S.K.: 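Pasting a structure here, questions to come.
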Amino acid sequence: MPVVSKNDDDIERVILSEEQLAKRVTELAEEISRDYAGKDLVLIGILKGCVVFLSDLIRKIDVPLSFDFVAVSSYGADTKSSGVVRILKDLDESVESKHVLVVEDIVDTGLTLRLSYLLENLRSRRAASVKVCTLLDKPSRRRVDVPVDYRGFTVEDQFVVGYGLDYQGKYRGLPYIGLLKPEIYGGG
Ligand code: IMP
Ligand code: MG
């Protein structure tokens with residue numbers, strides 16, 4: 001059945017299909033299930049980009065788990081100089097003595113994770129362990145070092161949308177990951 005979505009008209013090219021995403025999410029879930037067998041696992045998604053990936057992942061992970069969300073402010077010109085990304089929505093539950101896996105849609109510059117001090121913050125709340133799982137990794141754009149423990153795909157230095165990732169709040173619901181047509185950015 002063809003995907004019917006008016007968003008599709010804005011897509012130049014699909015770079016990761018629905019099938020490729022499903023296969024890789026299953027593989028990641030298998031790896032996570034092995035690594036966290038017998039451990040108290042909590043997934044912490046960073047809103048909003050994580051939601052599609054997280055919801056697919058939790059249905060494939062084969063060990064008991066809970067999940068929670070945080071929201072952080074994005075870094076603008078002023079936050080870059082102040083070096084702070086504020087936590088806008090904190091966790092609902094304690095992570096004390098739990099094994100925490102932070103779930104991201106994409107690690108790009110690394111500034112969100114680094115400037116929010118999220119990993120340090122979780123450790124200071126006495127999590128048993130803190131690791132990072134990202135669907136996409138764009139290492140060519142990295143400005144600060146971020147430990148990535150589970151990685152779905154490495155992508156080129158291109159702006160991608162779909163499967164949770166947005167451009168100006170749109171395209172998160174596309175079932176694949178694609179590149180926008182240049183005219184959508186006001187380019188081309
Ligand atoms: P970082 O702080 O630069 O690592 O970027 C993290 C956030 O920037 C991600 O969680 C996304 O919300 C956003 N982002 C970075 N690259 C892309 C992209 O190619 N498409 C959509 N969002 C992106
Ligand atoms: Mg975003």
Side-chain angles (χ1 to χ4, degrees), residues 5 7-18 20-21 24-25 28 43-57 67-91 100-122 130-188:
S5 160
N7 274 333
D8 278 21
D9 295 341
D10 297 347
I11 301 300
E12 172 95 34
R13 188 157 61 83
V14 173
I15 63 162
L16 294 166
S17 70
E18 210 173 335
Q20 284 174 293
L21 290 166
R24 188 68 188 121
V25 169
L28 285 173
L43 303 188
I44 295 185
I46 304 182
L47 292 171
K48 301 172 188 171
C50 72
V51 295
V52 178
F53 177 41
L54 184 112
S55 63
D56 279 349
L57 198 57
F67 62 85
D68 206 340
F69 295 104
V70 293
V72 297
S73 63
S74 58
Y75 46 88
D78 52 330
T79 45
K80 242 174 229 165
S81 49
S82 67
V84 175
V85 172
R86 282 183 309 128
I87 294 181
L88 303 176
K89 184 226 165 286
D90 203 348
L91 298 173
V100 171
L101 188 55
V102 172
V103 179
E104 261 278 39
D105 52 354
I106 184 166
V107 178
D108 183 33
T109 62
L111 290 170
T112 299
L113 276 176
R114 179 44 42 87
L115 297 184
S116 67
Y117 292 96
L118 181 65
L119 307 178
E120 293 83 353
N121 185 309
L122 291 164
V130 180
K131 290 193 171 182
V132 175
C133 173
T134 186
L135 177 68
L136 305 179
D137 188 5
K138 233 193 248 181
S140 57
R141 294 244 314 157
R142 201 76 93 248
R143 290 183 47 194
V144 289
D145 199 34
V146 165
V148 175
D149 302 284
Y150 301 91
R151 171 187 297 101
F153 300 91
T154 299
V155 292
E156 310 275 292
D157 182 9
Q158 293 167 310
F159 193 83
V160 296
V161 295
Y163 199 73
L165 291 114
D166 73 303
Y167 174 63
Q168 298 187 340
K170 291 182 359 185
Y171 311 104
R172 293 192 198 275
L174 293 174
Y176 52 78
I177 287 177
L179 300 178
L180 283 174
K181 290 178 180 166
E183 60 261 36
I184 307 299
Y185 304 98

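Each ligand, and each atom within it, is numbered from 1 in the order the structure gives. Here the structure is a predicted model, which is why all the values come from computation and not from measurement. Atoms considered below: every heavy atom in the structure, side chains included; atoms not considered: hydrogens, waters and symmetry mates.
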S.K.: Going by the rule side-chain hydrogen bond (donor to acceptor under 3.5 Å, both in side chains), which residues pair with Asp68 if we only count those two or more places apart in sequence or in a different chain?
M.R.: none
S.K.: Tell me, please, which residues at least two apart from Asp90 pass side-chain hydrogen bond (donor to acceptor under 3.5 Å, both in side chains).
M.R.: Arg125
S.K.: Set out, in order, the CA-CA distance, both residues' side-chain angles and the distance that settles salt bridge (Lys or Arg N to Asp or Glu O under 4.0 Å) for Lys181 and Asp10, then state yes or no.
M.R.: CA-CA 6 Å; Lys181 290 178 180 166; Asp10 297 347; over 6 Å; no
S.K.: Say whether Gly110 and ligand 1 are in contact under the criterion: heavy-atom distance to a ligand atom below 4.0 Å.
M.R.: yes
S.K.: Within a distance under 4.0 Å of any heavy atom of Thr112, pick out the atoms of ligand 1 and give their elements.
M.R.: 1 (P), 2 (O), 5 (O), 6 (C)
S.K.: Indicate, as side chain, backbone, both or neither, the part of Gln158 found under 4.0 angstrom from ligand 1 when only non-hydrogen atoms are considered.
M.R.: backbone
S.K.: Could you tell me whether Ile46 approaches ligand 1 through its side chain, its backbone, both or neither, with non-hydrogen atoms closer than 4.0 Å?
M.R.: neither
S.K.: List every atom of ligand 1 that sits less than 4.0 Å from any heavy atom of Asp105, numbering the atoms from 1 in the order shown and giving each element.
M.R.: 9 (C), 10 (O), 11 (C), 12 (O)
S.K.: On a heavy-atom basis, which atom in Ile11 and which in Gly178 lie closest, and how many Å separate them?
M.R.: CG2-CA, 4.4 Å
S.K.: Between ligand 1 and Arg142, can you find any atom pair, the residue atom being a heavy atom, that is separated by under 4.0 Å?
M.R.: no
S.K.: Tyr163 vs Phe53 aromatic rings, parallel, tilted or perpendicular, using cut-offs 30° and 60°?
M.R.: tilted
S.K.: Minimum heavy-atom separation for Ile87 to Ser116, with atom names?
M.R.: CD1-O, 4.3 Å
S.K.: Just go through Val160, Leu165, Asp166 and tell me whose heavy atom is the nearest to atom 20 (N) of ligand 1.
M.R.: Val160
S.K.: With heavy atoms only and a cut-off of under 4.0 Å, state how Asp108 meets ligand 1: side chain, backbone, both or neither.
M.R.: both
S.K.: Do Asp8 and Tyr176 have side-chain N/O donor and acceptor atoms under 3.5 Å apart?
M.R.: yes
S.K.: I'd like to know whether ligand 1 has Val161 as a neighbour, heavy-atom separation below 4.0 Å.
M.R.: no
